[in-house]
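Keep in mind the model is a prediction, meaning the values are calculated, not measured. Convention: sequence-line order gives letters A, B, ...; per-chain numbering from 1.
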Protein chains: 2
Amino acid sequence: MAKVTIADIAREAQVSVTTVSRFINGNYGKMSQATRNRVQDTITRLDYRPSASARRMRQQSTHVVGVIVSDISNVFSSLLFSGIYTELQPAGYDVMLMNSNNSVREEHDEIERLLAQEADGLIIQPNSTDFRSYEDVTSARVPLVMVDRRPPNQPDSVTSIVSNNREACHDLVGRLADMGYDNLVVVRRLRSDLSAQTPRVEGLKQAAEERHVLMVTIGAEGQDAAWLQREIDTTLRHLNGRTALVSLMGPTLFDILTALRNLGITFPDDIGLVSFDDWRWSQHVRDGVYLLEQDPRILGQESAKNLLEQIRAKESGSGGNDPYTASRQLVLPVSIVKAPSI
Amino acid sequence: MAKVTIADIAREAQVSVTTVSRFINGNYGKMSQATRNRVQDTITRLDYRPSASARRMRQQSTHVVGVIVSDISNVFSSLLFSGIYTELQPAGYDVMLMNSNNSVREEHDEIERLLAQEADGLIIQPNSTDFRSYEDVTSARVPLVMVDRRPPNQPDSVTSIVSNNREACHDLVGRLADMGYDNLVVVRRLRSDLSAQTPRVEGLKQAAEERHVLMVTIGAEGQDAAWLQREIDTTLRHLNGRTALVSLMGPTLFDILTALRNLGITFPDDIGLVSFDDWRWSQHVRDGVYLLEQDPRILGQESAKNLLEQIRAKESGSGGNDPYTASRQLVLPVSIVKAPSI
DNA sequence: TTGTAGGCGTTATCAG
DNA sequence: CTGATAACGCCTACAA
């Protein structure tokens, strides 16, 4: 049973392919009710479905959008995708999702694949600190949104949607200092060259200097929970005064809690504890952990909305068919989930 | 700057399109090193990328696989996707991900979209209790894997990959009875017609009868945390003896913990607590919650592996081009994460 | 209101 | 080793 095509429908329904094509595209305008019904019936009878591949050839748009996240098993990514999908699906776009695994190389491959798919637009959570990694996209004039992270040399002509990590961290230190904390132990665990943790560290560092708080950074990149535990233990032994532990990402909080439990360290009695995380499971740990929280779903929605605008700008051709006239720089607020862990 | 095609390369490199096409597909077998280099250079110079849409037209396969999950914001779904992607990406397949939102209607739409995309195969976490919802797929002879849930009337000719929910629950009751529990309060929260919770309830119920344990089910469908709290409170007041609370899905555990805290009920002192969940955050709640756990990533990997086999079976044409000769019925074990909450 | 025919970018089948 | 050319399934001027 070979695939049924528009020609088959035309023959069976005794009409021309043009008529069938018009029907498919909803141009009933000039079509007698009779033919219309006949075509409809034949289509359902033969179980015909127009080939998306063939349509793409004749149109400039594929109605496919590509999304590359850095780690799909992280809750952040799935909520981000959820937000993206919520906007794109009703608009008639299908989404190809790729996981770059925090690797610049894999990311590059995936960008090429999506360009080969002629995706109408790309949303990327980037891994590279060098925007040149993404110039294949811009030089093809493909609508592009960079979300969650921003390469330092990214031009303003490309959309960026991020959280105000830096400021939120700055404010956090102010609060900790006001509460009487003397030291800050920051646990960082970078997984890719480019990370939202970087601006966070910067914000903490600057504020720590301003407020004369001692800041120690534990770089736990590639280290396991046991290592982290030893490191925390050693570090705390060397510090005098009141110390707050800051976890720069959710998964790290998990390891930190294990370490603290094993070490018999409690919060907020022995130390203060703060973490970035995008899901509130930790509110059930003791009396809850003080959180800095993003809303990945909103990041996703805003990304998708802007991407659609770029696509429209490109199609409408008003701005010289340049999608990047619709680009946008957006910084969303990090919100605070208060809890008695500090 | 119009899109550069294979013809442009041919012209610039002074060869025929055939040669370029051969180059693209890696058929260097019969090609002088000279032309080969010339083509390569021209391709990079003009920044040429073959059009996936056009290739699909000429081939029977699209190298695209469609995945429909029931709720992408659930950790289960993202880990499932992660497993699927891990297998499919290296095999050269791109993945379109769709979220059915636990809705049979949306799911149906998405199936149609994926069929229109001529996906080489579909992996579905189904919402419908009636397999006829999926017959559009099978009648098009498109490779299909049903994962996590199984419609009662699904034929064995279609791959099913699920966990042994029923047996795991049966065993659980045995253990609870041995430990001296008299009552079982089961919190169910179905979100779609078809759910992995159904076989779980069945397993619990059967074992409860066998072991003469009293089982009460709280159907929290569509109810919020406050409602659940009241319901738990009332139920517990009416029970004599030792009671274990069983949560049939992760998100519900979250609400249950809130309720218990608000009610001042502790575990394992006042009651026992057990939950299904696919992520171990709850090991940090008190001294940890006893869990029944699936590995969604493995479910995903197995799904993808079988899908690839079906695709190969179809292409090789050995079994009369029928992908379903490679179908498989697989039941993976639920594992137990012990913790002193019972 | 309906039909004809050419072309979208690629691959496969033949010939050289 | 390389080329010419006919499909693939659909859309859209242009005709009728």
Side-chain angles (χ1 to χ4, degrees), chain A residues 1-40 42-43 46-64 113 115-120 140 315, chain B residues 1-40 42-43 46-64 92 115-120 140 315:
Chain A
M1 181 179 120
K3 175 165 296 172
V4 26
T5 80
I6 204 173
D8 299 322
I9 303 298
R11 185 169 15 78
E12 290 285 324
Q14 315 267 37
V15 295
S16 77
V17 291
T18 313
T19 307
V20 181
S21 175
R22 285 199 182 112
F23 178 89
I24 294 169
N25 297 347
N27 298 331
Y28 312 124
K30 325 189 154 189
M31 203 181 309
S32 72
Q33 190 62 42
T35 30
R36 185 169 163 181
N37 290 340
R38 202 140 33 82
V39 173
Q40 174 63 285
T42 320
I43 285 182
L46 298 194
D47 197 25
Y48 165 76
R49 236 179 306 268
S51 150
S53 320
R55 313 185 75 157
R56 291 181 185 179
M57 291 227 39
R58 289 294 319 198
Q59 312 182 160
Q60 67 284 44
S61 86
T62 57
H63 277 244
V64 169
R113 294 176 79 135
L115 289 177
Q117 289 290 348
E118 294 155 297
D120 283 348
E315 287 175 349
Chain B
M1 184 179 116
K3 176 167 294 172
V4 28
T5 81
I6 205 174
D8 299 322
I9 305 296
R11 184 168 18 75
E12 291 284 325
Q14 314 267 38
V15 294
S16 77
V17 291
T18 312
T19 307
V20 181
S21 175
R22 284 200 183 108
F23 178 89
I24 293 169
N25 295 324
N27 299 331
Y28 311 124
K30 327 191 153 189
M31 202 180 310
S32 73
Q33 191 61 43
T35 30
R36 185 168 162 182
N37 291 340
R38 200 140 34 84
V39 173
Q40 173 64 286
T42 321
I43 286 182
L46 298 194
D47 196 27
Y48 165 74
R49 236 180 305 268
S51 150
S53 318
R55 313 184 78 158
R56 291 182 185 177
M57 289 226 38
R58 287 294 317 190
Q59 309 181 156
Q60 66 284 42
S61 87
T62 57
H63 277 243
V64 169
L115 289 177
Q117 289 290 347
E118 293 155 299
D120 283 348
E315 287 174 350

>> With rounding to the nearest 0.5 angstrom, report the CG to CD1 distance, A/D8 to A/I43.
In response: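 Reported to 0.5 Å precision, the distance equals 11.5 Å.
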> Rounded to the nearest 0.5 Å, what separation is found between the CZ atom of A/R38 and the CD atom of A/Q33?
Replying inline: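 Taking CZ in A/R38 and CD in A/Q33, the distance rounds to 11.5 Å.
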>> Looking at A/S21, I'd like to know whether one of its side-chain N or O atoms comes within less than 4.0 Å of OP1 or OP2 on D/dC11.
In response: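 So the side chain of A/S21 is within the cut-off, an N or O lying under 4.0 Å from OP1 or OP2 of D/dC11.
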Could you tell me how far apart [X] ([atom1]) and [N] ([atom2]) are, to the nearest whole angstrom?
X: B/R11; N: C/dT10; atom1: CZ; atom2: P; result: 13 Å
X: A/Q59; N: D/dA13; atom1: CD; atom2: P; result: 12 Å
X: B/R56; N: C/dT11; atom1: CZ; atom2: P; result: 13 Å
X: B/D8; N: C/dC8; atom1: CG; atom2: C1'; result: 13 Å
X: A/Q14; N: C/dT2; atom1: CD; atom2: P; result: 13 Å
X: A/N25; N: D/dA13; atom1: CG; atom2: P; result: 12 Å
X: B/Q33; N: D/dT2; atom1: CD; atom2: C1'; result: 16 Å
X: B/I9; N: D/dG3; atom1: CD1; atom2: C1'; result: 17 Å

I'd like to know if [X] reaches the base of [N] with its side chain such that a donor and an acceptor end up less than 3.5 angstrom apart.
X: B/T18; N: D/dA4; answer: yes
X: B/R55; N: C/dG9; answer: no
X: A/T19; N: C/dT1; answer: no
X: A/R22; N: C/dG3; answer: yes

>> What I'd like to find out is whether the side chain of A/I9 reaches to under 4.5 Å of the side chain of A/L46, using heavy atoms alone.
In response: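 With C-beta onward as the side chain, the pair touches.
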> Is any side-chain heavy atom of B/R55 closer than 4.5 Å to a side-chain heavy atom of B/N25?
Replying inline: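 B/R55 reaches B/N25 side chain to side chain.
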> Does a donor on one side chain and an acceptor on the other come within less than 3.5 Å for A/R49 and B/Q117?
Replying inline: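 No donor-acceptor contact under 3.5 Å links the two side chains.
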> Can a donor-acceptor pair be found between the side chains of B/T35 and B/S32 at a distance below 3.5 Å?
Replying inline: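 The criterion, which ignores hydrogens and geometry beyond distance, is satisfied for B/S32 and B/T35.
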> Going through the checks in order, is the side chain to side chain contact (heavy atoms under 4.5 Å, CB included) test met by A/Y48 and A/V39?
Replying inline: CA-CA 11 Å; A/Y48 165 76; A/V39 173; over 6 Å; no
Using a 4.0 Å heavy-atom cut-off, does [X] contact any base of the nucleic acid, only the sugar-phosphate backbone, or nothing at all?
X: B/V15; answer: sugar-phosphate
X: B/S51; answer: sugar-phosphate
X: A/T35; answer: sugar-phosphate
X: A/E118; answer: nothing
X: B/F23; answer: nothing

> For the residue pair B/G92 and B/H63, what are the closest heavy atoms and their distance?
Replying inline: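 Reported closest heavy-atom pair: O-ND1, 3.1 Å.
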>> When the axes are fitted on five pairs at both termini, how much does the helix from C/dT1-D/dA16 to C/dG16-D/dC1 curve, in 10° steps?
In response: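 One end axis against the other gives 40°.
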> Closest to the B/R58 side chain: D/dG3, C/dA12, D/dC11?
Replying inline: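 Of the options given, the side chain of B/R58 lies nearest C/dA12.
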> If you pin B/M57 and B/S32 to their nearest nucleotides in DNA chain D, which one's is more 5'?
Replying inline: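 Residue closer to the 5' terminus by nearest nucleotide: B/S32.
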